[in-house]
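Note that these values count all heavy atoms, side chains included, but never hydrogens, waters or copies made by symmetry. Just so it is clear, the structure is predicted and the values come from calculations on it, not from any experiment. Heads up: numbering here begins at 1 and tracks the sequence.
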Amino acid sequence: MSSPVSIGFHSIIKIDRRKEDAVYIQIVYQFINAVKRNLLEDGDLLPGSRKIATELKVHRKTVVAALAELQEQGWVEILPNRGPL
């Protein structure tokens, strides 16, 4: 099994708590932007929600909501007990 991507999420996802957009939506938009800019590529393994939440300094439920939205839109695939792909 490959290791998750080594890029720091804090370097590609910047959260601005002054914005009206919910934090999870900011994560979703910036994640999609990172994919479009080829910072993340198809097939990259992502770290688990706990690690992403710690790195971004947000609640894990916020990351789970963002990942669920990204999965609904087809940007990530989440496998039970394996995490996001």
Side-chain angles (χ1 to χ4, degrees):
M1 175 166 72
S2 300
S3 298
V5 293
S6 60
I7 189 167
F9 276 86
H10 64 277
S11 66
I12 60 172
I13 297 176
K14 303 290 184 200
I15 296 168
D16 184 352
R17 297 186 188 279
R18 295 171 295 178
K19 284 188 172 183
E20 289 187 26
D21 291 338
V23 172
Y24 87 97
I25 293 295
Q26 291 181 48
I27 294 171
V28 169
Y29 290 153
Q30 292 183 42
F31 181 93
I32 292 170
N33 192 25
V35 171
K36 289 180 178 180
R37 293 185 351 228
N38 293 323
L39 297 174
L40 296 170
E41 297 179 3
D42 190 26
D44 281 348
L45 297 177
L46 302 176
S49 59
R50 284 181 178 85
K51 183 169 171 61
I52 296 171
T54 299
E55 193 171 330
L56 295 178
K57 296 181 173 108
V58 297
H59 197 282
R60 181 175 167 263
K61 287 184 178 182
T62 303
V63 174
V64 170
L67 291 172
E69 179 65 27
L70 287 164
Q71 183 176 25
E72 267 188 48
Q73 293 185 26
W75 291 98
V76 296
E77 177 183 4
I78 298 174
L79 302 175
N81 299 320
R82 290 212 40 219
L85 299 176

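- If you chain together hydrophobic residues whose side chains sit under 4.5 Å apart, V76 and V35 fall into the same group.
- Under the rule for a side chain to side chain contact (heavy atoms under 4.5 Å, CB included), A68 has no partner lying at least two apart in sequence or in another chain.
- Using a 4.5 Å cut-off on side-chain heavy atoms (C-beta onward), F9 and L46 make contact.
- Among the candidates V28, L56, N33, the single residue satisfying the side-chain contact (heavy atoms from CB on, under 4.5 Å) test with I13 is L56.
- For A34, the side chain to side chain contact (heavy atoms under 4.5 Å, CB included) partners are I12, L39, L40, not counting sequence neighbours.
- Pairs passing the salt bridge (charged side-chain N to carboxylate O under 4.0 Å, His left out) check and including a residue from residues 18-34, sequence neighbours excluded, read D16-R18.
- For K14, the side chain to side chain contact (heavy atoms under 4.5 Å, CB included) partners at least two apart in sequence or on another chain are Q30.
- Judged as a side-chain hydrogen bond (donor to acceptor under 3.5 Å, both in side chains), and not counting sequence neighbours, the contacts of H10 are E55.
- Put simply, CD1 on I78 and CG on L67 are 5.0 Å apart, with the number rounded to the nearest 0.5 Å.
- Residues in residues 60-72 take part in these side chain to side chain donor-acceptor pair (under 3.5 Å) pairs, two or more places apart or across chains: S49-R60, E69-Q73.
- Under the 4.5 Å side-chain heavy-atom criterion for ILVMFWY residues, a single connected hydrophobic cluster contains both F31 and V23.
- In plain terms, the two heavy atoms of P47 and I52 that are nearest each other are O-CD1, 3.4 Å.
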